[in-house]
Enquirer: 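Quick one: this structure, given as structure tokens, is what I'll be asking you about.
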Amino acid sequence: MTAALRIQNLEKEYDNGVKALKGISLEVQTGDFFALLGKNGAGKSTAIGIISSLVNKTAGKVHIFDYDIDVDFPMARTQLGVVPQEINLSVFETPLQIVVNQAGFYGIDRNKATILAEKYLTQLGLWEKRHDVTRELSGGMKRRLMIARALMHQPKLLILDEPTAGVDIEIRRSMWEFISEINEQGTTIILTTHYLEEAENLCRNVAIIDQGRVVENTSTRELLAKSQREIYVLDLVESVKSLPAFERGKWKLVNPTCIEVDISKEQGINGIFRELNQNQIKVQSMRNKSNRLEQLFLDMTTEEEETSA
Amino acid sequence: MNWQQIWVAYMTIVRKEVTRFTRIWQQTLLPPVITTSLYFVIFGSLIGPRIGSMEGYRYMDFIVPGLILMSVITSAYANVSSSFFGSKFQRSIEELQISPTPNSVILLGYVTGGMARGLLVGLVVTIVAIFFSRLSVHNVFVMLSISMLTALLFAMGGFLNGLFARKFDDVSIVPNFILTPLTYLGGVFYSIQLLPDFWQAVSHLNPILYMINGFRYGFLGISDIPLGISYLIILLFIAALFTINLRLLNKGYGIRS
Ligand SMILES: Nc1ncnc2c1ncn2[C@@H]1O[C@H](COP(=O)(O)OP(=O)(O)OP(=O)(O)O)[C@@H](O)[C@H]1O
Ligand SMILES: [Mg+2]
């Protein structure tokens, strides 16, 4: 099967000397739902910029469905839809004008474009707003408009750079559903996000970029299996002054009514509760400190101090 | 993309551009009409009669072609420079950059939009001029072709300006400091025959002189310059600007980091 996206040894040094990408290689299979994760400044948007011909690369190769973006660029671009991180809408135009024009740039005539516009604007809840001035749409509506715009030429590969940033939870959920549906219909999806539960729930494969390098590239399931420990937060019914010496796990008294416990998979939760009962500590509620992927992510990426290098 | 798709892409850009300047007609179409109307009133009705004739024509009739062409030049240039810079500023130019539309089509689309505004303004100014002067047309073909080529040339110039501009001020520097002086010195208001030899020679370095004289020939049948030279100079400039713009676009100058 041809890869939807193949990146080889991609490097980017900006004019100001910042080395944003230091040789990344990735392959995303056709039909995949792929998460591209990384901290602020890791190089995700730079990579997406190069793939979508908005950023000049310093070295490396990019193929979209086997079309080299340098050689067969009209074909490569036709396969690709992009929802950028920053709003890049022509704000004095209406949503309808924006999406119909976008289709025009791919050679789709106005009649066909108008039919597609109704379909996608409706699906993204913007049909009622089609004649409004885009400047007057809310931030979440603008993001959805960018999704509709990216779909107008029905690309086989859709890259979304933080589509859910600043979007309320209800709309975010409906976006997830919408994107999943598109994926089920055969569109390959690449998603960047800082909400890791989003990646965990939606994406089958994951790559983590850190300081311009790929530090992990595997399936979400395998990645989560690597998770050897988990941190739980326990809220207590009555306050305690100090912690007894527990046998298992690492314990920390956050405040008199809150304990954090870091345990490995083998130690299990049952043992913890036995110990709590023995010491007559009553727990009111319990939750994960962070989701599993989040913890792995933090373990794999560098600390803030180092990133300033 | 096949030819049909390229045509759709081209027409999409043109339509987008025309929609833009007609939507804000108070800023794009009205001001040049008011300005040139004032010229007509002041030079034509108030001062003109005291000047007498220029190359055998009433002063008003002599300056009308130059004034029309001046409005074409300013409007064609301003349309492309501000529209292209605007889409750079809002980053909506990325819509085209990520698309399969070839750079030459992007350039031609924007430039056609600029020509449309330039020629529309020129037409309206011409209609206004009819009320102030005895407008006659000596050679329709010359008049139309020179005005279209001039609009094309300055739309290309505006595109170059848009590519280089980094802030809003950069869009008005060239019109204020280069375009307007060159237009005024290009023989809108006088025949260069009136100038001393030295300044006549200097005037020949001003490309706008060739356009104004060519255009004036279309109306009055007189020109300080042989007509063929006018066409040649205009076409040379168009070819040069087209090449430079396309090169810069291909390199991604000002739009790709
Ligand atoms: N146009 C630019 N010129 C110079 N440096 C840039 C430019 N764009 C990005 N950078 C730098 O390149 C590095 C990677 O940035 P990039 O935007 O790719 O990160 P990111 O992973 O998308 O981060 P975020 O999660 O914050 O969006 C950063 O150090 C950034 O400062
Ligand atoms: Mg980013």
Side-chain angles (χ1 to χ4, degrees), chain A residues 12-16 18 20 46 48-57 67 69 72-94 97-113 133-135 146 149-150 152-153 155 159, chain B residues 1-28 82-110 112-113 166 248-257:
Chain A
K12 173 64 188 177
E13 179 172 345
Y14 281 106
D15 292 340
N16 60 3
V18 173
T46 301
I48 293 173
I50 293 172
I51 297 164
S52 50
S53 1
L54 296 175
V55 175
N56 286 322
K57 57 183 157 51
Y67 296 111
I69 61 163
D72 295 324
F73 67 88
M75 282 312 282
R77 291 181 191 178
T78 305
Q79 318 299 316
L80 176 69
V82 186
V83 180
Q85 178 173 7
E86 312 271 348
I87 306 280
N88 68 346
L89 296 162
S90 177
V91 293
F92 295 109
E93 292 176 6
T94 68
Q97 285 172 333
I98 287 176
V99 294
V100 170
N101 284 343
Q102 185 69 54
F105 301 151
Y106 290 82
I108 299 167
D109 71 64
R110 288 184 89 73
N111 291 336
K112 188 164 176 229
V133 182
T134 296
R135 193 175 45 152
M146 294 204 298
R149 183 182 63 181
M152 285 298 288
H153 64 289
I159 303 185
Chain B
M1 292 179 114
N2 59 36
W3 285 107
Q4 202 181 344
Q5 289 170 318
I6 286 178
W7 175 251
V8 170
Y10 168 75
M11 283 312 292
T12 306
I13 304 174
V14 174
R15 188 190 305 255
K16 185 177 150 92
E17 286 301 292
V18 173
T19 310
R20 191 195 76 94
F21 77 68
T22 46
R23 183 182 62 228
I24 47 170
W25 62 273
Q26 307 92 323
Q27 296 167 48
T28 53
S82 56
S83 174
F84 191 78
F85 175 72
S87 58
K88 242 170 64 170
F89 184 77
Q90 298 185 55
R91 303 178 62 163
S92 60
I93 190 65
E94 293 178 0
E95 293 176 344
L96 275 162
Q97 281 180 275
I98 64 167
S99 81
T101 305
N103 286 331
S104 54
V105 175
I106 297 179
L107 174 59
L108 288 176
Y110 269 96
T112 310
R166 288 175 190 278
L248 290 172
L249 260 187
N250 287 340
K251 268 174 65 182
Y253 185 89
I255 51 174
R256 240 187 287 150
S257 45

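Letters A, B, ... are given to chains in the order of the sequence lines, protein chains preceding strands, and every chain is numbered from 1. Atoms considered below: every heavy atom in the structure, side chains included; atoms not considered: hydrogens, waters and symmetry mates.
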Enquirer: Looking only at heavy atoms, which two atoms of P100(B) and P74(A) are closest? And how far apart?
Expert: CB-O, 3.6 Å
Enquirer: Give the member of D15(A), V91(A), I98(A), T78(A) that has the highest number of heavy-atom pairs under 4.5 Å with chain B.
Expert: V91(A)
Enquirer: Could you walk me through whether I98(B) and L54(A) pass side chain to side chain contact (heavy atoms under 4.5 Å, CB included), step by step?
Expert: CA-CA 7 Å; I98(B) 64 167; L54(A) 296 175; 3.8 Å; yes
Enquirer: For N56(A) versus R256(B), what's the shortest heavy-atom pair and its separation?
Expert: OD1-NH1, 2.6 Å
Enquirer: Select, from Q4(B), R91(B), M11(B), the one with the greatest count of heavy-atom pairs under 4.5 Å involving chain A.
Expert: R91(B)
Enquirer: Can you tell me how far apart OG (S90(A)) and CD1 (I93(B)) are? Round to the nearest 0.5 Å.
Expert: 10.0 Å
Enquirer: Per the side chain to side chain contact (heavy atoms under 4.5 Å, CB included) rule, which among V100(A), N101(A), D109(A) passes with T12(B)?
Expert: N101(A)
Enquirer: Could you check whether any side-chain heavy atom of E93(A) comes within less than 4.5 Å of a side-chain heavy atom of R23(B), counting everything from C-beta outward?
Expert: yes
Enquirer: Which region of I24(B), side chain (C-beta onward) or backbone (N, CA, C, O), has a non-hydrogen atom less than 4.5 Å from a non-hydrogen atom of chain A, or is it both or neither?
Expert: neither
Enquirer: Among G86(B), S99(B), A9(B), which residue forms the greatest number of heavy-atom pairs with chain A at distances under 4.5 Å?
Expert: S99(B)
Enquirer: Nearest 0.5 angstrom please: L89(A) CG to E95(B) CD, how far?
Expert: 7.0 Å
Enquirer: Side chains of R20(B) and F92(A): does their closest heavy-atom pair fall under 4.5 Å?
Expert: no
Enquirer: Is S87(B) in contact with chain A via its backbone, its side chain, both, or neither, using a 4.5 Å heavy-atom distance?
Expert: neither
Enquirer: Apply the side chain to side chain contact (heavy atoms under 4.5 Å, CB included) test between F105(A) and each candidate in K16(B), Q5(B), Q97(B); give the one that qualifies.
Expert: K16(B)
Enquirer: Which bit of L80(A) comes within less than 4.5 Å of chain B, counting heavy atoms only: side chain, backbone, both or neither?
Expert: neither
